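What you see is a predicted model; the values in this text were computed from it and never measured. Read the numbers this way: they start at 1 and go in the same order the structure lists the ligands and their atoms.
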Amino acid sequence: MKITILESANCIFGKNLKGKNVIVIDVLRATSVIVTALENGAKSIYPFKEIESAKLNCKNGLLAGERKGLKITGFDFGNSPLEFTREKIQRKDIFMTTSNGTRAIENSLGADNLYIACYLNVTAVSKKLLEDKKDIVILCSGTDDKFSLDDSLCAGIIAKKISEEADVQMDDFSLSLKRLAELSSNIEDILKDSKHYSYLKSIGHEKDLEFCTQIDLYNIVPQYIDGKIKASS
Ligand code: MLT
């Protein structure tokens with residue numbers, strides 16, 4: 001099995017995704033929101049790159065998203081997983097747009113399977129990939145088309161978990177993230193000086209940082225099919 005980790009949302013352009021599983025990661029915070037919202041009973045999540053497309057397509061659903069980490073004016077939710085409680089979202093469709101995460105998802109269309117991962121479901125995703133036995137491309141959303149430590153460490157953990165159970169081939173970049181994961185015991189400690197982590201802290205999202213850095217809180221694996229994301233069976 002081959003594992004390729006890509007460092008930011010646009011790095012997937014030009015890659016042949018046929019026959020492959022793609023996993024999109026945006027730990028802070030889009031994919032943590034998606035996993036939490038589906039865990040809490042949301043019906044489907046529709047991801048969009050652009051604010052206007054989310055608004056146009058949102059008929060009887062809820063609008064969610066951020067720009068620069070802040071809730072978009074007129075939207076029902078921002079991009080904090082803690083907002084997506086069962087009471088507010090059960091059986092609801094959510095139309096979501098974020099700066100990097102939903103863009104990474106849209107950029108990944110064409111894969112055999114497109115899954116959504118973060119620390120909250122990292123073991124469940126790894127198990128799914130081991131069952132599927134396809135070559136794997138892990139797309140870190142990154143921040144503004146740059147490497148982001150929060151996503152990359154999560155990708156490294158998936159690579160580590162899979163290589164513990166199967167023979168894998170990796171390039172040196174992917175291997176270095178797997179090695180980082182092997183050497184890391186405290187996620188928050190590793191991330192604390194990183195750019196997006198520090199930015200979210202500076203605008204008052206400390207609670208999200210605590211929440212999003214928890215490992216294996218949930219067991220679901222969201223999958224994108226035909227424009228929407230649902231928990232995979
Ligand atoms: C993104 O998609 O760039 C993020 O989820 C930004 C954020 O932290 O809200």
Student: Note the single closest protein heavy atom to atom 3 (O) of ligand 1, along with its residue, its atom name and the distance in Å.
Tutor: Asn100 ND2, 2.6 Å
Student: N/O of Ala30 under 3.5 Å from N/O of ligand 1, yes or no?
Tutor: yes
Student: Quick one: nearest non-hydrogen protein atom to atom 1 (C) of ligand 1, plus distance?
Tutor: Asp26 OD2, 3.0 Å
Student: So, regarding Gly101 and ligand 1 (criterion: nitrogen or oxygen to nitrogen or oxygen, under 3.5 Å), is there a contact or not?
Tutor: yes
Student: Distance under 4.0 Å to a non-hydrogen atom of Asn79: what atoms of ligand 1 satisfy this?
Tutor: 4 (C), 5 (O), 6 (C), 7 (C), 9 (O)
Student: Which heavy atom of Lys20 sits nearest to which heavy atom of Lys134, and what is that distance?
Tutor: C-CD, 4.4 Å
Student: Hey, what else clusters with Leu56 if you join Ile, Leu, Val, Met, Phe, Trp, Tyr whenever side-chain heavy atoms sit under 4.5 Å?
Tutor: none
Student: So which residues get pulled into Ile225's cluster when ILVMFWY side chains under 4.5 Å apart are joined, directly or through others?
Tutor: none
Student: Can you list the ligand 1 atoms lying under 4.0 Å from a non-hydrogen atom of Leu28?
Tutor: 4 (C), 5 (O), 6 (C), 7 (C), 8 (O)
Student: So does Met1 get a backbone contact from the side chain of Gln169, meaning a donor-acceptor N/O pair under 3.5 Å?
Tutor: no
Student: Would you please classify the geometry between the Phe211 ring and the Tyr218 ring as parallel, tilted or perpendicular, with 30° and 60° separating the classes?
Tutor: tilted
Student: Output the list of atoms in ligand 1 that are nearer than 4.0 Å to some heavy atom of Leu200, sorted by atom number.
Tutor: 8 (O)
Student: Could you pull out the closest heavy-atom pair between Ser32 and Val27, with the gap in Å?
Tutor: OG-O, 2.7 Å
Student: If you look at every heavy atom in Ile12 and Asn107, which pair is closest and at what distance?
Tutor: CG2-O, 3.4 Å
Student: Are His196 and ligand 1 in contact, using a heavy-atom cut-off of under 4.0 Å?
Tutor: yes
Student: Of the side chain and backbone of Thr102, name the one, both, or neither that has a heavy atom under 4.0 Å from an atom of ligand 1.
Tutor: neither
Student: Is Arg29 touching ligand 1 with its side chain, its backbone, both, or neither, if touching means heavy atoms under 4.0 Å apart?
Tutor: both
Student: Any idea which of Ile203, Thr98, Thr31 brings a heavy atom closest to atom 2 (O) of ligand 1?
Tutor: Thr98
Student: Could you check whether Lys192 pairs with Asp189 (Lys NZ or Arg NE/NH1/NH2 to Asp/Glu carboxylate O, under 4.0 Å)?
Tutor: yes
